[in-house]
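These numbers were taken from a predicted model, which means no experiment stands behind them.
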Amino acid sequence: MPTEEQGRLKNKKENLPVPSNTTSGPVFVVGMWRSGTSLLYTLLNQHPGIALMYEADLPLLRQLFRGNGSKADWLERWEFWNSALTRHRIDRQQVPQSVPDLPSAAEIVWKQYAGDSLYGEKSPNYYDSLQWLSKQFPNARFVVIWRDPADICRSIIRAAQTGSSFFAKRGITHRALIGTRRMKSECEALVKRGVPLHQIQYEEMIKEPERVLSGICSFLQIPFDPQMASLEGADRSAIYEADHHAGVKSKTIGTKEGRKEVLPLAFKNKIDRYVSFWQEEYSGSWPLYPKMPAGERPQPGGVERTRDEIVFRAWRAFDRFTALVYCYAPISILRRYRAAKSKDRSPEVAKESAALPEVLPRS
């Protein structure tokens, strides 16, 4: 049964004109975890001509499409991975059991969800795969959101403290810090190749949502809709139920002020060193936030950078291996493993797991 919010969104999309360029290709909204991607997704989908999916993440399971077409159970495995079909109320009877490749499979589902609207998805899990995505989807357009790396890591830690096992896993803040620079390199590669890319700042979006979202509309070549600057009546049914999504499921845009510092001092100093290094590397143009004081500041040495890069690659290799297992291991074994893992969780996390949470494996 559709919610009242979904009903309002459906009525808007049926009654208002649809942009003329909706067949130009998918739109990808990407940023680091906890950088405001969920908020941006929600505001964008307030537009009557935009209908992005929320972390469908089928490209993470690219091994399901190796060789001659898809694996026979690709839909079942995708659903088991993160419940994308259920969360978006996709009619599986309308999706072919056999498709030639990943782009065909993704676009079939995106278009079923979006109808005549702009289609695609938002996912932070693509932050180091932008070039690969642009080659798989040559007509894709990318919207990338940046946020102060320290605030990203603070938000990750707070999410872990509220019961998210995804954000409590080892190495997640390390991935986020070093991954920020990786995403920058990916963006630079897109620009060099002439791939359509629009970049925004989280800090500016929450202060001036109308201006920032109007800029995105200009990039997408569609008219701005004032409803995009508000969370009132937004459809958030595809977003996982979890305490760390309370902000995006509220009625106001913004962050809580005066919160207790949660970053360990040693890691906070590491972030400051990297931000200082990056700002010198880019002559102060990136990262835009935080605004660091002028003068000499500590920076990571070559040994630290090399060590951190090796650790980052190791964690990402583990993430890709996890996705590989979900593509090939017997589903019966995966179900038993997940059930056993759920028994070891706290009551709060077990409750989150039952509500299609962010404890499901992601790369």
Side-chain angles (χ1 to χ4, degrees), residues 24-45 47 50 52-57 59-60 106 110 118-153 155-156 175-209 211-222 224 228 248 253 274-275 278-279 281-282 284-290 312 316 362-363:
S24 60
V27 176
F28 289 104
V29 173
V30 184
M32 186 49 64
W33 306 296
R34 310 303 296 164
S35 66
T37 58
S38 294
L39 174 61
L40 177 56
Y41 152 87
T42 304
L43 295 175
L44 286 174
N45 272 13
H47 193 289
I50 300 176
L52 304 180
M53 293 182 69
Y54 184 89
E55 299 180 17
D57 285 345
L60 299 185
W110 287 335
L118 285 173
Y119 64 90
E121 69 174 280
K122 92 87 182 174
S123 178
N125 299 306
Y126 301 146
Y127 70 87
D128 57 353
S129 303
L130 302 184
Q131 294 184 73
W132 181 84
L133 281 174
S134 71
K135 293 173 183 176
Q136 293 293 310
F137 303 92
N139 295 323
R141 290 172 287 179
F142 294 83
V143 177
V144 170
I145 183 170
W146 300 99
R147 187 183 184 184
D148 178 346
D151 284 341
I152 286 175
C153 292
S155 187
I156 287 174
R175 290 175 176 89
L177 176 60
I178 307 304
T180 295
R181 181 62 179 85
R182 182 65 61 88
M183 188 166 71
K184 177 64 173 175
S185 297
E186 292 284 311
C187 288
E188 290 172 337
L190 294 190
V191 171
K192 187 175 182 179
R193 290 176 41 225
V195 175
L197 169 68
H198 185 75
Q199 302 179 68
I200 69 168
Q201 283 289 151
Y202 169 82
E203 292 83 358
E204 297 173 4
M205 180 178 69
I206 62 174
K207 290 181 179 178
E208 302 178 272
R211 177 183 66 81
V212 171
L213 289 159
S214 179
I216 296 176
C217 287
S218 295
F219 168 71
L220 296 176
Q221 300 179 5
I222 59 176
F224 173 72
M228 298 174 73
V248 74
I253 300 172
Y274 270 101
V275 169
W278 294 333
Q279 289 184 344
E281 181 182 11
Y282 286 92
S285 65
W286 184 86
L288 288 177
Y289 295 87
F312 170 80
R316 291 304 280 161
R362 301 231 189 104
S363 180

Gap separating the [atom1] atom of [X] from the [atom2] atom of [Y], nearest 0.5 angstrom:
X: Cys217; Y: Leu44; atom1: SG; atom2: CG; value: 7.5 Å
X: Glu203; Y: Leu288; atom1: CD; atom2: CG; value: 8.5 Å
X: Tyr54; Y: Ser38; atom1: OH; atom2: OG; value: 2.5 Å
X: Leu39; Y: Tyr202; atom1: CG; atom2: OH; value: 6.5 Å
X: Met32; Y: Arg147; atom1: CE; atom2: CZ; value: 12.5 Å

Kindly write out the residues that satisfy side chain to side chain donor-acceptor pair (under 3.5 Å) with [X], not counting sequence neighbours, or none if the list is empty.
X: Asp128; answer: Arg316
X: Thr42; answer: none
X: Thr180; answer: none
X: Gln136; answer: none

For [X], side chain to side chain contact (heavy atoms under 4.5 Å, CB included) partners two or more places apart:
X: Val212; value: Ile200, Glu204, Met205
X: Ser129; value: Arg62
X: Ser123; value: Glu55, Asp57, Glu121, Asn125, Tyr126
X: Glu281; value: Arg181, Phe277, Trp278

Pairing residues for Asp151 by the salt bridge (Lys or Arg N to Asp or Glu O under 4.0 Å) criterion, not counting sequence neighbours: Arg154
Residue list, salt bridge (Lys or Arg N to Asp or Glu O under 4.0 Å) with Glu208, at least two apart or on another chain: Arg211
Heavy atoms, side chains only, cut-off 4.5 Å: are [X] and [Y] in contact?
X: Leu130; Y: Cys187; answer: yes
X: Ile253; Y: Leu43; answer: yes
X: Leu40; Y: Leu213; answer: yes
X: Ile50; Y: Leu220; answer: yes
X: Trp146; Y: Pro287; answer: no
X: Lys122; Y: Asn45; answer: no
X: Tyr127; Y: Arg175; answer: yes

Phe28/Trp110 aromatic ring centres below 6.0 Å: yes
Which atom names give the shortest non-hydrogen contact between [X] and [Y], and what distance separates them?
X: Met53; Y: Ala56; value: CE-CB, 3.9 Å
X: Leu197; Y: Gln199; value: CD2-NE2, 3.6 Å
X: Arg193; Y: Ser134; value: NH1-OG, 2.8 Å
X: Ser155; Y: Arg34; value: OG-NE, 2.8 Å
X: Ala106; Y: Phe137; value: CB-CZ, 4.0 Å
X: Ala176; Y: Ile156; value: CB-CD1, 3.7 Å

Any residue meeting ring-ring contact (aromatic ring centres under 6.0 Å, His included) with Tyr289, in chain and number order, not counting sequence neighbours: none
Thr37 side chain vs Trp33 backbone, donor-acceptor pair below 3.5 Å: no
Flag, side chain of Gln279 to backbone of Pro290, donor-acceptor distance under 3.5 Å: yes
